[in-house]
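The sequence lines fix the lettering, A, B, ..., with proteins before strands; numbering per chain opens at 1. All figures in this text were calculated on a predicted structure; none of them were measured in a lab.
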Protein chains: 4
Amino acid sequence: MEHRKSIPSMVKDPKLIEKRRDQIIEAAVELFISKGFHKTTTREISRASGFSIGTLYEYIESKEDVLYLVCDAIHEGVEKGLKEVLVNGVSGAVMLKAAIKGFLRVMDEMQDRVLLIYQEIKSLPKEAMKYVLAKEEEITSFFEEILRRGREDGSLKIDEKYIKLMAHNIVVLGEMWTFRRWSLHKHYTLEEYMEMQTSLILRELTEE
Amino acid sequence: MEHRKSIPSMVKDPKLIEKRRDQIIEAAVELFISKGFHKTTTREISRASGFSIGTLYEYIESKEDVLYLVCDAIHEGVEKGLKEVLVNGVSGAVMLKAAIKGFLRVMDEMQDRVLLIYQEIKSLPKEAMKYVLAKEEEITSFFEEILRRGREDGSLKIDEKYIKLMAHNIVVLGEMWTFRRWSLHKHYTLEEYMEMQTSLILRELTEE
Amino acid sequence: MEHRKSIPSMVKDPKLIEKRRDQIIEAAVELFISKGFHKTTTREISRASGFSIGTLYEYIESKEDVLYLVCDAIHEGVEKGLKEVLVNGVSGAVMLKAAIKGFLRVMDEMQDRVLLIYQEIKSLPKEAMKYVLAKEEEITSFFEEILRRGREDGSLKIDEKYIKLMAHNIVVLGEMWTFRRWSLHKHYTLEEYMEMQTSLILRELTEE
Amino acid sequence: MEHRKSIPSMVKDPKLIEKRRDQIIEAAVELFISKGFHKTTTREISRASGFSIGTLYEYIESKEDVLYLVCDAIHEGVEKGLKEVLVNGVSGAVMLKAAIKGFLRVMDEMQDRVLLIYQEIKSLPKEAMKYVLAKEEEITSFFEEILRRGREDGSLKIDEKYIKLMAHNIVVLGEMWTFRRWSLHKHYTLEEYMEMQTSLILRELTEE
DNA sequence: AATGAATGAGCCTTCATTCAT
DNA sequence: TATGAATGAAGGCTCATTCAT
């Protein structure tokens with residue numbers, strides 16, 4: 001795993017840096033969601049963060065750093081959400097079902113943010129993009145592990161070679177709830193969507 | 001279906017308009033793919049198109065029009081590719097298999113372009129975006145129809161209410177070959193990917 | 001001799017480029033003389049040139065280009081002035097006397113500009129600085145040649161190895177009329193200064 | 001002579017003020033030499049001085065004060081160097097020769113610093129500039145006095161009205177070793193340069 | 001129809017200076 | 001005395017768009 005790229009700051013106090021960056025992230029997420037990264041100005045970010053443009057630049061080195069901060073925070077949120085739904089001491093199949101539902105719920109709650117990553121990731125500098133993609137891969141391997149576990153305990157029928165692909169499919173099926181929402185939300189409620197996708201996937205992985 | 005949004009031009013001759021716009025599209029696609037929409041300047045577009053900035057603006061009204069033109073052309077390409085793989089006089093199941101493979105092949109051939117749509121669509125003005133999304137929906141319904149046909153001729157086992165969702169899934173599973181290529185292309189060749197995804201989908205739709 | 005560094009322009013018509021750059025130079029010289037390079041803004045330059053900031057940047061690539069343009073034009077002026085005082089068909093000694101007087105007159109007429117070069121040359125990018133220094137060297141060798149000629153026709157007594165140094169001395173004695181003017185102009189008129197320096201130098205080079 | 005402009009400080013203890021300002025000067029000289037006054041930031045100065053930006057401003061009132069401090073210190077160094085070479089109880093001619101050589105040696109040792117004064121002096125506020133120029137004049141009059149002494153003891157042949165000018169010439173011939181080094185250092189070693197310039201000047205002032 | 005010079009609003013970023021602690 | 005976070009005016013530069021030729 002790539003280690004988190006750390007952004008230099010002119011300010012020394014780490015506590016303060018974290019506090020200020022949280023303000024920046026909170027402000028920037030909203031702005032990026034509603035206007036997009038390119039159409040958001042640094043001044044808007046600083047204003048929405050509650051301080052001056054000069055202060056903003058005490059905590060970042062460039063506008064792109066803000067995007068990175070935002071993407072990172074979003075992924076953190078997703079991972080946190082995922083970890084929370086993890087139940088232990090159950091079969092892989094049960095665990096998978098819970099994980100998919102949990103993942104979809106997170107996708108729904110964070111749809112604007114997830115969408116944001118999808119749309120602006122390409123504006124990140126090379127290095128930062130790599131790191132963000134690594135995070136995405138981590139989420140995928142989260143599902144890989146569950147699948148593998150189900151395979152081992154016999155609760156899921158899946159060939160080893162399909163595990164990675166299936167993990168990708170699950171993640172994408174979850175993320176599409178955000179990036180195809182212009183159609184899906186017209187036809188399904190979240191509950192329906194969860195129900196249907198979960199059953200599609202599990203039927204495939206559990207039939208005799 | 002939304003009808004194609006027509007972009008006003010200062011020029012009268014429709015033949016010329018089409019010719020010039022083709023030049024614009026060809027130039028802009030390359031530029032947008034390699035630098036992104038926002039980092040491409042209108043001057044670059046006109047230069048790459050082979051004429052002056054003034055002339056460019058004889059055929060479009062704003063930079064966003066170019067993006068729209070480009071997205072539209074790409075979708076056209078995808079649809080054309082899809083139509084070509086359509087075989088008639090066969091069962092829905094056979095047709096679906098061919099369609100998925102064909103679709104994946106098109107996705108692979110046009111990966112940069114498809115990715116472009118994914119990444120820049122949000123920069124389109126409201127109206128244009130709607131139209132582009134409608135195109136996307138059209139592609140989805142292309143698969144819906146095949147599924148429905150297979151259901152009717154008994155070659156596919158699928159509940160009516162799952163048809164739309166499954167169509168979406170198929171489309172997304174195809175498109176993810178482009179937007180998750182940073183991972184998928186490391187693990188699978190196109191052939192493998194086609195083989196695996198097709199078999200996953202068809203297994204699901206055909207087992208008794 | 002380094003060849004003149006040519007500055008790229010967005011504009012095609014060379015006549016227009018020259019005309020606009022002349023406007024830029026004229027405006028910038030005044031501003032640089034009165035406020036210095038660093039304290040002059042590009043907006044001031046464009047305004048004083050008679051066009052917008054956008055237009056300014058059609059003819060240069062950076063603010064430093066303006067400084068280069070200005071330094072180059074000034075040197076051109078000095079060289080032109082020098083060439084004009086050159087009389088032919090006379091002994092080296094006579095020629096030298098005329099050249100020194102002419103040079104001093106030019107220094108006096110262009111004192112602000114010469115001073116400008118002295119003070120801002122270090123703000124030029126490496127390449128441009130080299131070129132400007134080469135110009136300065138050219139002026140020195142102008143005197144070298146006259147000295148050598150006088151040595152050959154017997155009208156000047158000077159050892160070959162002193163020729164280059166003496167040329168430097170002459171140039172510096174001329175230029176100091178500008179950069180030490182805070183003292184010299186209080187004590188001498190130009191005429192006095194010319195008379196005294198010329199006689200000092202020539203006495204040295206002509207006594208038996 | 002102008003009296004040394006004194007810079008106000010928030011701090012009371014004069015010993016401390018001197019100590020801190022010495023730190024500032026030492027740090028700033030290096031920075032100004034390598035990056036120039038304008039491209040050096042106050043933050044860099046404070047960091048290189050070994051204390052915070054806040055502390056820096058306890059000892060100066062503006063960035064220009066630092067430049068003044070630096071220029072003043074450099075002149076001090078030059079004067080100190082000059083005083084050291086002064087031999088007494090000898091003829092003016094002998095003294096002059098020693099002084100020129102000593103001056104050239106100082107110019108060589110302090111070339112970066114002398115150059116710095118030449119290039120940045122114009123960035124000083126009016127008042128400070130006047131004071132610095134007065135220092136320069138002092139150095140000139142140092143040579144004036146030697147010349148006058150030589151005239152009086154008969155060891156130098158020079159008309160009274162030429163004394164000031166000759167003093168200027170000597171100073172400039174020394175300083176040009178720094179500001180024309182891009183050419184002179186290519187052609188002469190310091191020893192050669194000293195030898196040649198000294199002999200040129202003394203020949204002029206001593207021949208029968 | 002085609003050209004391309006001109007425009008200027010607006011963007012990102014820097015940095016000297018202040019002041020509460 | 002020393003610190004360093006905060007400020008915001010100001011600067012260099014870009015680029016979509018227009019319009020006279």
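Taking a 4.0 Å limit (strictly below) on heavy-atom distances, residues 16-23 of chain A does not reach DNA chain E anywhere. Proximity of residues 40-48 of chain C to DNA chain F (heavy atom under 4.0 angstrom from any strand atom) is restricted to T40(C), T41(C), T42(C), R43(C).
Protein atom CD1 of I7(D) is 13 Å distant from nucleotide atom P of dT17(E), rounded to whole Å. Rounded to whole angstrom, the span from the CG atom of D65(C) across to the P atom of dG12(F) amounts to 13 Å. Between I60(B) atom CD1 and dT17(F) atom C1' the separation is 10 Å, expressed in whole Å. D13(A) has its CG atom 13 Å from the C1' atom of dT3(F), to the nearest Å. In this entry the distance linking NE2 of H38(B) with P of dC11(E) reads 12 Å, nearest Å.
Across I45(B), T41(B), T42(B), a single residue satisfies side-chain contact (heavy atoms from CB on, under 4.5 Å) together with I53(B), and that is T42(B). The one candidate from V132(B), I117(B), L133(B) that meets the side-chain contact (heavy atoms from CB on, under 4.5 Å) condition with L124(B) is V132(B).
E44(B) has a carboxylate O that lies under 4.0 Å from a charged side-chain N of K35(B), or vice versa, which qualifies the two as a salt bridge. Between R43(B) and E58(C), at least one side-chain nitrogen of the basic residue sits less than 4.0 Å from a carboxylate oxygen of the acidic one, meeting the salt-bridge criterion. Ion pairing of E76(B) with K135(B) is present here, as a side-chain N (NZ or NE/NH1/NH2) and a carboxylate O approach within less than 4.0 Å.
As the counterpart of dA1(E), no nucleotide is assigned, since no Watson-Crick or G-U wobble pattern has both distances under 3.5 Å. Nucleotide dA20(E) is matched to dT3(F) when pairs are restricted to Watson-Crick or G-U wobble geometry with both distances under 3.5 angstrom.
Residue contacts shown for M10(D) are absent, as no nucleic acid heavy atom lies under 4.0 Å away.
Below 30°, between 30° and 60°, or above 60°: for H38(D) and H38(C) the angle between ring planes is below 30°, a parallel geometry.
Y59(A) has a side-chain polar atom (N or O) that falls below the 4.0 Å cut-off from OP1 or OP2 of dA6(F). In terms of phosphate contacts, S52(A) brings no side-chain nitrogen or oxygen within less than 4.0 Å of OP1 or OP2 of dA6(F).
Between E64(C) and F37(B), the residue anchored closer to the 5' end of DNA chain F is E64(C), taking for each the nucleotide with the nearest heavy atom. Remark on DNA chain E: of its neighbouring residues E58(D) and I53(A), the 5'-side contact belongs to I53(A), judged by nearest-heavy-atom nucleotide. Comparing E61(C) and G54(B) along DNA chain F, the residue whose closest nucleotide (by nearest heavy atom) sits nearer the 5' end is E61(C).
Taking the ring centre of F37(D) as origin, the terminal cationic atom of K63(D) falls inside the region bounded by 6.0 Å and 45° from the ring axis.
Checked against a 6.0 Å centroid threshold, the rings of Y131(B) and Y68(B) count as neighbours.
In the set dA9(E), dT7(E), dG12(F), dG12(F) carries the atom at the smallest distance from any side-chain atom of Y57(C). Minimum atom distance to the side chain of K12(D) is reached by dT1(F), of the listed dT1(F), dA5(E), dT17(E).
A donor-acceptor pair is defined here as one N or O able to donate and one able to accept, closer than 3.5 Å; such a pair exists between the side chain of Q23(A) and the backbone of S49(A).
Distance CD1/I74(D) to CG/L116(D): 4.5 Å, rounded to 0.5 Å.
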